[in-house]
Amino acid sequence: DDISSFKVHFTDYQVPSDDTTYFCQLVAFPDLDEINHMIRIDPIITPGNEGIVHHITLTSCPQEYVNPNDIGLKRDCDDWRNMPNTNASFCREGGAIFAAWAVGGGNFYFPEHVGYEFG
């Protein structure tokens with residue numbers, strides 16, 4: 001099979017244990033020359049954080065809202081709309097959640113002959 005994988009994860013982030021936090025980071029998928037289809041999503045939770053992380057959502061960001069200089073930008077999700085000189089806040093409001101995980105969930109497999117298109 002012609003299958004490859006990549007990781008999307010928060011970088012350099014300490015999960016606070018004393019408060020509910022909704023944390024967002026703008027990440028880029030690999031730059032590919034052709035259309036690909038995501039068929040499986042596995043949650044990656046740092047050992048020790050299993051009791052803290054409640055859910056994960058992946059939201060697509062329309063290309064017109066992406067400034068390449070914003071890739072890697074991370075903030076409390078509620079702070080995005082207050083950030084000057086960035087369109088990243090529109091990703092949360094103008095994007096679409098395409099994958100989600102919650103406590104008790106495992107790896108997600110798209111149905112056979114179905115995948116999330118990107119590239």
Side-chain angles (χ1 to χ4, degrees):
D1 287 321
D2 187 20
I3 297 175
S4 60
S5 66
F6 62 93
K7 293 180 181 182
V8 174
H9 57 89
F10 290 146
T11 56
D12 302 321
Y13 181 70
Q14 181 74 30
V15 177
S17 60
D18 61 342
D19 195 7
T20 298
T21 303
Y22 294 95
F23 185 74
C24 293
Q25 182 173 351
L26 186 61
V27 298
F29 279 10
D31 189 16
L32 305 169
D33 294 332
E34 57 187 28
I35 297 297
N36 283 260
H37 294 86
M38 188 178 313
I39 59 171
R40 176 178 158 179
I41 299 172
D42 301 351
I44 302 171
I45 300 173
T46 302
N49 287 336
E50 299 89 350
I52 299 171
V53 178
H54 179 267
H55 67 273
I56 301 167
T57 58
L58 296 176
T59 304
S60 64
C61 187
Q63 190 65 38
E64 65 266 22
Y65 299 142
V66 177
N67 176 338
N69 295 327
D70 292 340
I71 302 298
L73 201 60
K74 49 192 164 191
R75 297 279 189 280
D76 183 296
C77 296
D78 292 333
D79 291 342
W80 284 95
R81 64 181 57 89
N82 300 323
M83 292 173 54
N85 304 320
T86 182
N87 287 332
S89 61
F90 294 111
C91 295
R92 187 169 180 212
E93 288 130 18
I97 294 174
F98 68 87
W101 170 90
V103 173
N107 299 340
F108 176 78
Y109 297 83
F110 286 86
E112 191 172 340
H113 304 297
V114 175
Y116 181 77
E117 184 178 292
F118 69 98

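Side chains are part of it too, since the values below use all heavy atoms of this structure and drop only hydrogens, waters and symmetry mates. Starting from 1, each residue takes its place in the sequence as its number.
No option in V27, I41, I44, I56 other than V27 meets the side chain to side chain contact (heavy atoms under 4.5 Å, CB included) test with V8. Evaluated for a side chain to side chain contact (heavy atoms under 4.5 Å, CB included) with W101, the options I45, L58, D42 yield exactly one hit, I45.
Residue H37 comes nearest to F118 through the heavy atom pair C-CE2, 4.2 Å, listed as atom of the first residue, atom of the second, then distance. Taking each heavy atom of G106 and P43 in turn, the nearest pair found is O-CD, 3.7 Å. Residues F23 and K74 come closest through the heavy atom pair CZ-CB, 3.3 Å.
The CG atom of N36 sits 11.5 Å away from atom CD1 of I3, with the distance rounded to the nearest 0.5 Å. Rounding to the nearest 0.5 Å places CG of D70 at 12.0 Å from CD of Q25. Rounding to the nearest 0.5 angstrom, the gap separating the CG atom in L32 from the OG atom in S4 is 7.0 Å. To the nearest 0.5 Å, atoms CG (D76) and SG (C24) are separated by 7.5 Å.
Residue-environment remark: CD (E112) stays at or below the threshold of 12 foreign heavy atoms within 6.0 Å.
With sequence neighbours left out, the ring-ring contact (aromatic ring centres under 6.0 Å, His included) criterion links H55 to Y22. Applying the ring-ring contact (aromatic ring centres under 6.0 Å, His included) criterion to F98, with sequence neighbours excluded, gives Y116. Remark: F108 pairs with F110 by the ring-ring contact (aromatic ring centres under 6.0 Å, His included) rule, at least two apart or across chains.
By the criterion of side-chain heavy atoms lying less than 4.5 angstrom apart, applied directly or through intervening Ile, Leu, Val, Met, Phe, Trp or Tyr residues, Y109 is not grouped with V114; the two fall into different hydrophobic clusters.
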